[in-house]
A.B. asks: 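Just passing along the structure, written as structure tokens.
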Amino acid sequence: MAKIQFSRGMNEEVIPEVRLTRSRTGDSGTATFIFNNPKALDQGVTEDITGMYMIDEEGEIITREVKARFINGKPEALEAIHIMKSSEQWDRFIRFMERYGEENGLELSKS
């Protein structure tokens with residue numbers, strides 16, 4: 001089961017928009033996740049967010065690059081950036097996304 005958490009033990013139910021970029025050599029890449037009105041912000045307590053944890057049967061991928069977007073002083077969205085610095089990290093991330101996508105109805109569209 002592939003899941004995303006912002007606080008340990010609390011699965012995020014909102015399905016993100018995900019944008020991927022990859023270097024021409026394939027040695028590095030970036031994934032940007034945007035969660036609009038995520039469950040993690042329901043109580044408006046952003047201090048509980050310690051990172052974004054992508055968990056599946058292979059283990060865990062962690063990014064600490066998480067920012068809240070505020071509109072009129074209220075948190076409305078979370079943006080997380082995951083940087084992959086090797087082709088192995090890219091491949092591991094893609095395996096996670098394939099599992100996560102199958103479970104949540106995401107599909108890849110190339111630009």
A.B. asks: Show the nearest heavy-atom pair for residues Gln5 and Ile55, with the distance to one decimal.
C.D. replies: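 Distance-wise, the nearest heavy atoms are OE1-CD1, 3.5 Å.
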A.B. asks: What pair of heavy atoms forms the shortest contact from Phe6 to Ala40, and how long is it?
C.D. replies: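 For Phe6 versus Ala40, the nearest heavy atoms are CD1-CB, 3.8 Å.
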A.B. asks: Using a 3.5 Å distance criterion without hydrogens, assess whether the side chain of Thr63 forms a donor-acceptor pair with backbone atoms of Ile81.
C.D. replies: yes
A.B. asks: Test Pro38 against every option in Glu13, Glu12, Glu76 by the side-chain contact (heavy atoms from CB on, under 4.5 Å) rule and name the one that passes.
C.D. replies: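 With Pro38 as partner, Glu13, Glu12, Glu76 yield a single side-chain contact (heavy atoms from CB on, under 4.5 Å), made by Glu12.
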A.B. asks: Could you tell me which non-hydrogen atom of Arg64 sits nearest to which non-hydrogen atom of Thr50, and how far apart they are?
C.D. replies: NH1-O, 2.7 Å
A.B. asks: Any chance you could measure Arg99, atom CZ, to Ile94, atom CD1, to the nearest 0.5 Å?
C.D. replies: 12.0 Å
A.B. asks: Establish whether Val18 and Val66 are linked, either directly or via other cluster members, by ILVMFWY side-chain heavy-atom contacts under 4.5 Å.
C.D. replies: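 Yes: a chain of side-chain contacts under 4.5 Å links Val18 to Val66.
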A.B. asks: Can you tell if the side chain of Trp90 reaches within under 4.5 Å of the side chain of Ser23, non-hydrogen atoms only?
C.D. replies: no
A.B. asks: In the single-linkage hydrophobic clustering (I, L, V, M, F, W, Y; side-chain heavy atoms under 4.5 Å), do Met54 and Ile49 co-cluster?
C.D. replies: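 Per the 4.5 Å side-chain linkage, Met54 and Ile49 are co-clustered.
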A.B. asks: Do you know which of Lys3, Arg92, Arg95 makes side chain to side chain donor-acceptor pair (under 3.5 Å) with Asp56?
C.D. replies: Arg92
A.B. asks: Salt bridge or not for Glu79 and Arg19, using N-O below 4.0 Å?
C.D. replies: no
A.B. asks: Closest heavy-atom contact between Ala77 and Asn36?
C.D. replies: CB-OD1, 3.7 Å
A.B. asks: Compare all side-chain heavy atoms of Glu58 with those of Phe96 and state whether any distance is below 4.5 angstrom.
C.D. replies: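 The answer is no; the side chains never approach within 4.5 Å.
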A.B. asks: Starting at CD1 of Ile4, measure out to CG of Leu78 and round the result to the nearest 0.5 Å.
C.D. replies: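 So the gap between those two atoms works out to 11.0 Å.
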A.B. asks: Shared ILVMFWY cluster between Met84 and Phe33, side chains joined below 4.5 angstrom?
C.D. replies: yes
A.B. asks: Under 4.5 Å between any side-chain heavy atoms of Asn11 and Met1, yes or no?
C.D. replies: yes
A.B. asks: At their closest point, which heavy atom of Ala31 faces which heavy atom of Phe93, and how far apart are they?
C.D. replies: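 Ala31 and Phe93 have their closest heavy atoms at CB-CZ, 3.4 Å.
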A.B. asks: Applying salt bridge (charged side-chain N to carboxylate O under 4.0 Å, His left out), can you list everything that pairs with Arg24, at least two apart in sequence or on another chain?
C.D. replies: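 Scan of Arg24 (salt bridge (charged side-chain N to carboxylate O under 4.0 Å, His left out), adjacent residues dropped) gives none.
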A.B. asks: Where is the tightest heavy-atom contact between Ile61 and His82, given as atom of each residue plus distance?
C.D. replies: CG2-CE1, 3.4 Å
